[in-house]
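Everything below concerns the one structure shown next.
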Amino acid sequence: MSDVVIKVENLSKKYVISHQSHERYTALRDVMANGVKILSRKILSPFAFRDSPLSEAQEDFYALRDVSFEIKQGDRVGIIGRNGAGKSTLLKILSRITEPTSGKIEITGRVASLLEVGTGFHPELTGRENIFLNGAILGMGKAEIKRKFDEIVEFAEVEKFLDTPVKRYSSGMYVRLAFSVAAHLETEILLVDEVLAVGDAQFQKKCMGKMSEVGQDGKTVFFVSHNMGAVANLCTSGLHLLNGKSKYYSDISGCISAYLSHMSGKTNEVINYTGVKRPPELNLREGAKFINARMISEKQEIPWQIPFPLNPVFEFSIVVEKNVPKLELGLALYNYSNVEIASNLSSDKLQMENLQPGTYKIVVEYQDLNLLPARYYLALGLRTDIGMEDYIPDAAQFEIITSTASAVARTYIRKGILIPKVEYSINNQG
Amino acid sequence: MAEPHKLIIEAGRAERHYWADLWRYRELFYFLAWRDILVRYKQTAIGVVWAMLRPFLTMVVFTVVFGKLGKFPTEGSAPYPIMVFAAMLPWQFFANSLSEASNSLVGNANLISKVYFPRLIIPSSAVITSFVDFLISGAILVALMLWYRFVPGWRLLALPLFTVMAFAAAMGVGLWLTALNVKYRDFRYIVPFIVQFGLYISPVGFSSSVVPEKWRMLYSVNPMVGVIDGFRWAILGGDVRIFWPGFTVSNGLVLLSLTTGIWYFRKTEKKFADLI
């Protein structure tokens, strides 16, 4: 079968970004205030040049520019590229959530998108009700849902709780049910955006199995992910996006190596904490505070993302405002389901006594941590014997990825969170 | 089994196929309305009671304040409470629709940024939910009629017509507010004000015949005046008369707000996913 099911010609999507407003959305109040500002400026200095800074605060930004490619039926296409390369925009246009600015797409067949499992689930409704609702949202008709209902329930293993509101479900049940509805969609083309980032390792494996099954049915699959291991496993061809332009590779390994070679320009992204609100209920003393954080591990093709089995290394800048007798740095690591994996206190190793006011850099290097590929979260604290000086609950997130074939082989079948260092011995007992 | 279904995406294309799409997504429309109704009456134990209690208590207050203390005249020979409630029905429907619809898109932001469907579905389903409230509180009207032994005449048959008008008014103004609320988030502070203010300037607690003749035309600029007058005409019967010039103006404005509402909503709709 070699019919073209998706044909994209010169697709572009333009966004207008405004540098002026820091808000995510406009408020009428601001629009009116701006109008008055411009007006008063005109009255006060009617001969001034018209390009005042107020009017030039906008800029065009092309998320996609002249993207063209053709996909044949049964292709499993990995879409890869660094953050902001236009991956999500492409999927959004394919699933018609936004319109392209110019260009044309021809699609033969029904399209369903799994942009996030569980979209439209309502916590107050029962499992049964949510199956119908979610199915309808994903594009199934009532008759189709009825026909597949038993299958969906069976796959999700929630028979007993069908008439319980999903707000009482465990998170595992919730995700299973959501994925099950999505997995039973009868469509020819499936768009998937990092759904595999959710759930535990076992569930991820179930998803992967279902996905490759879907691919074998002759369905066309688009898969967006940062996880090269998953992409290599699942996809047959690839689309590499770079700054809004695309290049199509008929074989996925060529696409992955093109992506990796483009990623070599390493940038260290600094996360700034100066304007970040601290939890007010902690009554922080703020005699010493975090200024910023960087991940300084090697081999970060994308900042805050390191390949397995490298160890995370962080560098924190702190400012000491008044003399603190004895300072301690605390770090806590969390996984995706908010389980605290580890917490460390600097006082175990490092003495920070009688620090004079000024700024300091602290480097923290984890050793032999061997975290499995997934996303992790970091919380930061500073304290003295008297109390908490500073605390940032969601200080940073980083990702351990699988970027080489050998790492894929070593991690793909593992369960758990990390691979601890273990010594084995065997002796013959006769 | 399925014939190959061809889809072409390009700039401005969704525009042309809008109404066909709306028809294709009718099942989703049904499910969303069903969800809203289900959730509405599930979340509060007194869900149904609340839908009846609120208009009923407001009616009692208006009857006491306007009818007893203010000694306002009723319309025709109808008891004052029935006259108030005949207006309270469409007004509550209109007010609930406005507040539900204007928040509906922002409340369903995760749906809008993840799945395609004609966005018109969401505020419409909010209006439908309010319509269910309307039907429920209609039971109070029936109870009031039994209590006062009030028999409506043949004009009651015209009530569906005025209900359609109330629907059009709710949709028209609702769509405007919904679209504006996505663009300017501070609109959500304006909507409760409109609703509260509207209750007093619309002839809910009093008959619109108390408005002096020379101001009646201007008064009819409020589209709800026409709707409420129509409801009273149909329900109270007897010698209740409609001020036809004003009624025509109100009706025209309802149609205008509905068409411009749909126009503005569709104009801004394409950008919702980028804005939200």
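What you see below is based on every heavy atom in this structure, not just the backbone, and it leaves out hydrogens, waters and symmetry mates. Letters go in sequence order (proteins before strands), and every chain restarts at 1.
- Within the model, atoms CZ of Arg35(B) and CZ of Phe121(A) stand 12.5 Å from one another, a figure rounded to the nearest 0.5 Å.
- Between Ile137(A) and Val115(B) the shortest heavy-atom distance is O-CG1, 3.2 Å.
- Proximity to chain B is absent for every atom of Ser12(A), based on heavy atoms less than 4.5 angstrom apart.
- If you take NE2 on His122(A) and CG on Asn108(B), they are separated by 8.5 Å, rounding to the nearest 0.5 Å.
- For Lys13(A), the part lying near chain B is the side chain, with the backbone staying farther off; criterion is any non-hydrogen pair under 4.5 Å.
- You'll find the side chain of Lys142(A) reaches within 4.5 Å of the side chain of Phe31(B), heavy atoms only.
- Contact between Leu133(A) and Leu32(B) at its shortest, heavy atoms only, is CD1-CD2, 4.3 Å.
- Taking chain B as the reference chain and counting heavy-atom pairs below 4.5 Å, the highest number among Gly103(A), Pro165(A), Ser102(A) is found for Gly103(A).
- Around atom OH of Tyr219(B), more than 12 heavy atoms belonging to other residues, nucleotides or ligands sit under 6.0 Å away.
- Residue contact with chain B, scored on non-hydrogen atoms closer than 4.5 Å, involves the backbone of Leu94(A) exclusively.
- For chain A, no part of Leu180(B) is nearby; none of its heavy atoms comes within less than 4.5 Å.
- Atom CD1 of Ile112(B) and atom OG1 of Thr98(A) lie 13.5 Å apart (nearest 0.5 Å).
- By the 4.5 Å heavy-atom criterion applied to side chains, Arg96(A) and Phe117(B) are not counted as neighbours.
- The shortest side-chain heavy-atom distance between Leu125(A) and Val39(B) falls under the 4.5 Å cut-off.
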